[in-house]
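Note sheet for the following structure.
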Amino acid sequence: MERWRPGARAEGTDGGTDGRRLPLPVLPQFPGMRGFADLDSVISRLGFRHAADLLRGPAVEAGTSPFATLPKAATDDGFRILDGLWFPARGRAWTRVDLRHVQETAERWRTSTDPRAGTAAALMDTMETVVRDDPMGPRRIVLWQVCRALKDRAGGPTAEAAEALGVHSTDAAALASAVAAGFPGKGPVRDAAESVNEVWPGDRLREALRIADLLPARPADHVLANFRTRLNERAAAVDRLMAEARRLGLLGESRAAAVSWLAAVRRAADDERAMAGLLGAATLLADERHSPDAREPVDSALRVTVERRAVTLRWTAARLPRDTARLGGPVSYRVLRFLDGAPERTVEVPYPDSSLSVLDPDAPIGRRVRYAVLPLRRGQLAGVPRVTGAVLLVPDVEEVRAVPVPDGVRLEWRAHPAATAFRVVRSTPRRAGQAEGPGQPMDGVPVDGLLVPAGRKGFVDRPLRPGTYLYEISCGYPAVPDLPGDGGELVWSPGLRVAATAVEWPSPVEDVTVRRLEDGTVTIDWRPPVRGDGRLVEWPGLPTATGDDVSGTAAALSAPGEGPVTVVPEVRTRVRMTPVSVLGDRAVAGSSVLVERPGAVEDLTARRTVPGKAELRFRWPEPAVLVLVVWEQEGRRQEMRVARSRYLAERRVEIPLDARPCRIEVTAVPRPDAVSIPSVPATTSLPHLPEPPPAPPRNTRGLALLSFPWTPWTSGGAPRGRPWWRRWLR
């Protein structure tokens, strides 16, 4: 028979002890405390090795206690940890760490002069909460910290290392063996053990189950076993609630199904299936309220407004069931957005304040979405969410501006980047007082709807008679294939109606006659326009097309002209003359005439460069864009056109020539779209190039001397060529 005594190993019948006969102690498999990471970091920051140094209390200072001079134990061999947390007391006694010990040690820390006393006393308050919840809680925390330190040391867990951490010698060897046998090292298992209590107990059931799956499935630690049992029971209860909610939904009991889904979400707030089921049931309730057969077809408690590119949601204070009153505290809200028909794809809408409205500027374009308002109390769901009807955000164009243009109107706007198509319907409202014809509607109703081609930035509609027109502008957005009823084509915006007025414009001058005189002048005449006053002005900018709007320009504001106009441009310049028709404050351009007077080609020079080539240089006759180079040799004429850009880049012109005499002429080429006043061409000539002397016959002394010039001895080298004595010997 063995006898057990707290704080000592079991003694056999022979009176001796044998540690090898006892099984290894069972170590805790998790700290079992919420906030362990914070407690552990503060203990380490204060310089304590573990929580046992904190629970031991401060050292007794001399003269502060009447029992300071009583006999004490000769040595402090450390604390016992395997069968409880025990500290050595006076003599050979041991004191167990219980609620009384924790309270007394906390008081000692409060009255201590140790600089760590304030923080240590606050930690002792936490220890008091732990020991009230679990009498063995302090021992579990200390044992976990000691085992972790032994497992992580470089040489592994040993009895000497355990004694160095303060463990009594009678417990050190068994503790080191148990740590080496089964305590988890650094990694996901230990992290899960230290963090699972931060999640559970709580409402994050699925997160707690995920973390608990990393821990032993059949733990030897009875506290962890109870923890897993309670966790699995909660998961089974949530599954039963969700199964009941699905059954009620199939029976058409939407309200009862929503209540079951709500109970499941309260027990597992992070369960996506439960939240999706709750939103789906709340959606059915919302559709029932909005149906024509409902008693209250309009849900006045929840209103949605679509303005431009954002959705505004407003609601009234929620009326919560009585069973949520036990939670206490004010009611707050959480707003979710999800695709219609897909409540599992939710996005939380930022809701920073406590108002009863929220603006969602990030609503998807072209997709049917719904909004759910969740009432909360102290962070927990306190009632069935209220869900809106389907909201489709398809914004119309913005900043529409109607401008009258010749023979029509131009509309400009700014469209959403997601818009891919634009539909414009033109209508003509019947004026008030106008007699109704057959098929004519009442006043203010469009009578002739016609499609007008439009682009992303707007359109120009012409020709139109003067009057007021109505344009209904709609934007098309690509429909998402997973949305019901869209067909995968386009979703059109509601449409924006804009009125535009077409006014009477002058008709452009179309018949312009030009006559060039021999004295270097040009006379331009035109036929008066049908509507408006015609005038001929010098146009300084880029050329305009016939009928372009030039209202407000300096040309339109000039005095009207009559009769033909004589134009004499300066040398080396060009002038563009444009007829303008003016009617009131509106003006249009007609067919323009370009008159140019290029300068003469100056400083023309020619020289032969290599056999068969000649080079020409001259000053370019501005503003010509081409020059014509003509050269003639004994009745044979050749020509070449040279562009202005090429000549200004190379600064010369090369032409092929032989040795015969040549006459060269360079003149400016008039533009084909201009009336040009001709200039005098520049001419030059090249004389005959004499032929080179004939070559000497082969194998003669003259050829040798020509091929190998003679070099005298006095130049410092041997003479080249054949010496005379070699020829004599031969």
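Positions are given from 1 along the sequence. Values reported hereafter were calculated over all heavy atoms of this structure, with side chains retained and with hydrogens, waters and symmetry mates removed. Quick caveat: nothing in here was measured; it's all calculated off a predicted structure.
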Do any side-chain atoms of residues 391-398 form donor-acceptor pairs under 3.5 angstrom with protein atoms, and if so which ones, sequence neighbours left out?
unit_1: Asp396; atom_1: OD1; unit_2: Ser493; atom_2: OG; d: 2.5
unit_1: Asp396; atom_1: OD1; unit_2: Gly495; atom_2: N; d: 3.0
unit_1: Asp396; atom_1: OD2; unit_2: Gly495; atom_2: N; d: 3.4
unit_1: Glu398; atom_1: OE1; unit_2: Arg414; atom_2: NH2; d: 2.8

Please tabulate, for side-chain N and O atoms in residues 453-461, each donor-acceptor pair with protein atoms closer than 3.5 Å (sequence neighbours left out).
unit_1: Arg456; atom_1: NH1; unit_2: His416; atom_2: O; d: 3.2
unit_1: Arg456; atom_1: NH2; unit_2: Ala419; atom_2: O; d: 2.2
unit_1: Asp461; atom_1: OD1; unit_2: Arg426; atom_2: NH1; d: 3.1
unit_1: Asp461; atom_1: OD2; unit_2: Arg426; atom_2: NH1; d: 2.8
unit_1: Asp461; atom_1: OD2; unit_2: Tyr471; atom_2: OH; d: 2.8

Can you check side chain to side chain contact (heavy atoms under 4.5 Å, CB included) on Leu536 and Trp526, steps first, answer last?
CA-CA 8 Å; Leu536 187 67; Trp526 67 93; 3.6 Å; yes
Test log, rule side chain to side chain contact (heavy atoms under 4.5 Å, CB included), inputs Leu376 and Leu381:
CA-CA 5 Å; Leu376 306 175; Leu381 190 60; 4.0 Å; yes
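Residue pairs that meet the ring-ring contact (aromatic ring centres under 6.0 Å, His included) test with at least one member in residues 330-350, sequence neighbours left out, are Trp315-Tyr333. Every pair passing salt bridge (charged side-chain N to carboxylate O under 4.0 Å, His left out) that includes a residue from residues 204-213 is listed here, sequence neighbours excluded: Arg206-Asp239, Arg206-Asp271, Glu207-Arg210.
The OG atom of Ser581 sits 9.0 Å away from the CD atom of Glu510 when rounded to the nearest 0.5 Å. Within the model, atoms CD1 of Ile211 and CH2 of Trp200 stand 12.0 Å from one another, a figure rounded to the nearest 0.5 Å.
Remark: the backbone N or O of Glu198 is paired with a side-chain donor or acceptor of Arg34 at under 3.5 angstrom. Counting only distance, with no hydrogens or angles, the side chain of Ser507 and the backbone of Val530 share a donor-acceptor pair below 3.5 Å. A donor-acceptor pair under 3.5 Å links the side-chain atoms of Asp548 to the main chain of Ala545, judged by distance alone. Judged by distance alone, the side chain of Arg586 and the main-chain N or O of Ser551 form no donor-acceptor pair under 3.5 Å. Side-chain N or O atoms of Arg228 include one that pairs as donor or acceptor with a backbone N or O of Ala212 at under 3.5 Å. In this structure a side-chain-to-backbone donor-acceptor pair under 3.5 Å is missing from Glu244 to Ser260.
A search for salt bridge (Lys or Arg N to Asp or Glu O under 4.0 Å) contacts involving Arg337 returns Asp360, not counting sequence neighbours. Partners of Arg527 by side-chain hydrogen bond (donor to acceptor under 3.5 Å, both in side chains), not counting sequence neighbours, listed by chain and number: Asp511.
Using a cut-off of 4.0 Å between Lys/Arg side-chain N and Asp/Glu carboxylate O, Asp673 and Arg576 are scored as not salt-bridged.
Closest approach of Gly532 and Pro506 over heavy atoms only: CA-CB, 4.2 Å. When all heavy atoms of Ala281 and Ser254 are compared, the pair lying nearest together is CB-O, 4.3 Å. Minimum heavy-atom separation, Pro406 to Asp549: CD-CB, 3.8 Å. The nearest pair of heavy atoms linking Thr428 to Thr468 is CG2-O, 4.2 Å.
Between Tyr371 and Leu302 there is no side-chain heavy-atom pair separated by less than 4.5 Å. The shortest side-chain heavy-atom distance between Arg370 and Asp287 falls under the 4.5 Å cut-off. The side-chain heavy atoms of Trp413 and Leu496, taken from C-beta on, include no pair separated by under 4.5 Å. When side chains are defined from C-beta on, Trp261 does not count as touching Arg273, because their heavy atoms never get closer than 4.5 Å.
In Arg462, the CZ atom is crowded: over 12 heavy atoms of neighbouring residues, nucleotides or ligands sit closer than 6.0 Å.
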